[in-house]
Enquirer: 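My structure is below; once you've seen it, I'll send some questions.
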Amino acid sequence: MDARGPIAVLWAIRIVVLTVGEQDPNVLAGVRALGADTIVTFARPSLVAANLAQAAGLKYIPFLSTLDVDRLVTDSSYRAEVSAIPGIAGFHFMNDQIVEGYTSAIEQQRAYAILKALFPAAVVIYATRLDLLATDPTYGDLYVRPEFTDYVAPYFYPVGTTVLGPQGEDDPWEERLAYLLGLLEPRIPSGKAVLPVLQGFEQDGYPVGADLAYRQLAVYREFWPDIANLAAFWWGDGTAPLRGLGERPALRSGFRRLFAGLLPRPAPRLVPERPRAVGR
């Protein structure tokens, strides 16, 4: 592996997560109409999906398991296959063979290093499951590793039958979310890009309105006032009891306003400027 090459420049990113639908032009058109600029998929890299995303004006970030990442090193034909897909802006990864959130620090480090070496212009994301900070006293020290992701992407979906107990939209779920973020915030280095992954679905029996998106982001901004990034989980696939953005016009309206209100900020410089000569 050759780690040399162009260095990834992070952008102010507006994501809609797709668990399905990345090869459906109608879904991609709906995502673009929200004002999103990027799709994150739970499918592996696909030439068809990459081309359709590009045609819709969307950046494309597919999924790789940690086993897939290791295979990039050991299987040259697989590496060539993935490398040949144009338009991949990045990857998100995890160990999908174990309980979600428990990808080990060693696996995170290895996957991040491999992907940054093989695809130096790509962003690499490992998402951070928040509820485990409250339920597992070892989780923060053993599994939260912001150095092995380009964006720290926290996620906890506060309205519905959550792991921490049921919450309706009118319940004080902001306090619970703020508590979780308060446990995470000291673990994130100053200046590290934060990408909130907000609830973009409604669970049967737990109705939500258009302001759910803004109310979630407001809690995140208590900790990171200058957030310029946002992800919505998820577009939806028609499977009860969860109804995603594609099925709930009120949610779409809320996220459309939120995406439009996030003004681009200058991307952080990852390489220092060359010092100017004295006297110039």
Side-chain angles (χ1 to χ4, degrees), residues 1-3 8 13 15-24 27 38-53 58-132 136 138-139 142-157 163 193 195 197 231-237 239 242 244:
M1 293 182 294
D2 188 348
I13 191 169
I15 288 173
V16 170
V17 179
L18 303 178
T19 55
V20 297
E22 68 279 353
Q23 297 188 20
D24 184 339
V27 168
T38 304
I39 57 167
V40 163
T41 77
F42 275 78
R44 268 69 173 182
S46 157
L47 177 60
V48 173
N51 286 338
L52 287 172
L58 295 164
K59 297 181 178 73
Y60 172 55
I61 298 180
F63 170 73
L64 290 174
S65 71
T66 51
L67 290 177
D68 295 330
V69 176
D70 288 339
R71 186 182 169 196
L72 289 169
V73 179
T74 60
D75 185 339
S76 59
S77 62
Y78 179 64
R79 182 168 67 249
E81 175 187 333
V82 175
S83 299
I85 298 173
I88 293 180
F91 303 93
H92 73 108
F93 73 90
M94 65 178 177
N95 183 340
D96 62 353
Q97 303 298 307
I98 60 175
V99 174
E100 184 177 344
Y102 281 103
T103 302
S104 71
I106 292 174
E107 287 180 295
Q108 291 180 50
Q109 180 180 29
R110 184 176 70 248
Y112 183 77
I114 290 170
L115 290 171
K116 297 304 284 188
L118 292 178
F119 305 95
V123 296
V124 177
I125 300 173
Y126 175 77
T128 301
R129 181 176 167 180
L130 284 174
D131 61 279
L132 295 175
D136 182 347
T138 70
Y139 176 72
L142 295 180
Y143 298 97
V144 177
R145 288 292 183 272
E147 64 269 33
F148 304 135
T149 182
D150 288 331
Y151 293 90
V152 176
Y155 67 98
F156 175 73
Y157 310 125
V163 174
L195 170 65
V197 184
F233 183 90
W234 86 129
W235 182 257
D237 58 11
T239 302
L242 305 181

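All figures in this text were calculated on a predicted structure; none of them were measured in a lab.
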Enquirer: So, using side chain to side chain contact (heavy atoms under 4.5 Å, CB included) as the criterion, who are the partners of D237 when residues are at least two apart?
Expert: T19, V20, W234, T239

Enquirer: Compare every heavy atom of A43 with every heavy atom of T41, then report the nearest pair and how far apart it is.
Expert: OG1-O, 3.0 Å

Enquirer: May I ask you to decide if A122's main-chain N or O and K116's side chain share a donor-acceptor pair within less than 3.5 Å?
Expert: yes

Enquirer: Quick one: ring pair (Phe, Tyr, Trp, His ring centres under 6.0 Å) partners of W235, sequence neighbours excluded?
Expert: none

Enquirer: Show your reasoning for whether side chain to side chain contact (heavy atoms under 4.5 Å, CB included) applies to Y155 and L130.
Expert: CA-CA 6 Å; Y155 67 98; L130 284 174; 6.0 Å; no

Enquirer: Can you list everything that forms a side-chain hydrogen bond (donor to acceptor under 3.5 Å, both in side chains) with S104? Sequence neighbours excluded, please.
Expert: E107

Enquirer: If you measure from OG1 on T149 to CG on L115, what distance do you get to the nearest 0.5 Å?
Expert: 11.0 Å

Enquirer: Mind checking what makes salt bridge (charged side-chain N to carboxylate O under 4.0 Å, His left out) contact with R71, not counting sequence neighbours?
Expert: D75

Enquirer: With sequence neighbours excluded, what pairs up with A105 under the side chain to side chain contact (heavy atoms under 4.5 Å, CB included) test?
Expert: R145

Enquirer: Determine the minimum heavy-atom distance between A53 and I39, stating which atoms define it.
Expert: CB-CD1, 4.1 Å

Enquirer: What is the distance from atom CG of L142 to atom CG of L132, rounded to the nearest 0.5 Å?
Expert: 11.5 Å

Enquirer: Do any pairs count as a salt bridge (charged side-chain N to carboxylate O under 4.0 Å, His left out) and have a residue in residues 76-89, sequence neighbours left out, and if so which ones?
Expert: none

Enquirer: Please report the interatomic distance CG(L58) to CD1(I15), rounded to the nearest 0.5 Å.
Expert: 11.0 Å

Enquirer: Counting C-beta onward and ignoring hydrogens, is there a side-chain heavy-atom pair between V197 and R129 closer than 4.5 Å?
Expert: no

Enquirer: Between T103 and N95, is there a donor-acceptor pair closer than 3.5 Å when you use the side chain of the first and the backbone of the second?
Expert: yes

Enquirer: Decide yes or no for V152 and T128: does some side-chain heavy atom of the first lie under 4.5 Å from some side-chain heavy atom of the second?
Expert: yes

Enquirer: Going by heavy atoms in the side chains, are S83 and I88 under 4.5 Å from each other?
Expert: no

Enquirer: Parallel, tilted or perpendicular: which fits the ring planes of F63 and H92, with parallel below 30° and perpendicular above 60°?
Expert: tilted

Enquirer: Could you give all pairs that pass the salt bridge (charged side-chain N to carboxylate O under 4.0 Å, His left out) test and reach residues 89-106, with sequence neighbours left out?
Expert: R44-D96

Enquirer: Show your working on side chain to side chain contact (heavy atoms under 4.5 Å, CB included) between D70 and I114 and close with a plain yes or no.
Expert: CA-CA 8 Å; D70 288 339; I114 290 170; 3.9 Å; yes

Enquirer: Identify the heavy atoms of V82 and P45 that sit nearest to each other, and give their distance.
Expert: CG1-CG, 4.3 Å

Enquirer: Who pairs with Y143 by ring pair (Phe, Tyr, Trp, His ring centres under 6.0 Å), at least two apart in sequence or on another chain?
Expert: Y102, Y139

Enquirer: For the residue pair Y112 and F148, does the interplanar ring angle fall in the parallel (under 30°), tilted (30 to 60°) or perpendicular (over 60°) class?
Expert: tilted

Enquirer: Strictly distance-based, threshold 3.5 Å: is any side-chain N or O of D24 a donor or acceptor partner for the main-chain N or O of G21?
Expert: no

Enquirer: Check the pair D68 / L72 against side chain to side chain contact (heavy atoms under 4.5 Å, CB included), numbers first and verdict last.
Expert: CA-CA 6 Å; D68 295 330; L72 289 169; 6.0 Å; no

Enquirer: List for me each residue that meets ring pair (Phe, Tyr, Trp, His ring centres under 6.0 Å) alongside F91, sequence neighbours excluded, and say none if there are none.
Expert: F119

Enquirer: Roughly how far, to the nearest 0.5 Å, is CD of E22 from OH of Y60?
Expert: 6.5 Å

Enquirer: Taking only residues two or more places apart in sequence or in another chain, which ones pass side-chain hydrogen bond (donor to acceptor under 3.5 Å, both in side chains) with Q23?
Expert: S46

Enquirer: Would you compute the distance between atom OG1 of T38 and atom CD1 of I13 and round it to the nearest 0.5 angstrom?
Expert: 4.0 Å

Enquirer: Kindly compute the distance separating OG (S65) from CD (Q97), expressed to the nearest 0.5 Å.
Expert: 7.0 Å

Enquirer: Would you find more than 12 non-hydrogen atoms of other residues, nucleotides or ligands less than 6.0 Å from L67 atom CG?
Expert: yes

Enquirer: Residues in side-chain hydrogen bond (donor to acceptor under 3.5 Å, both in side chains) with T138, at least two apart?
Expert: D136

Enquirer: Only counting residues at least two apart or in another chain, list the ones meeting ring pair (Phe, Tyr, Trp, His ring centres under 6.0 Å) with F93.
Expert: Y126

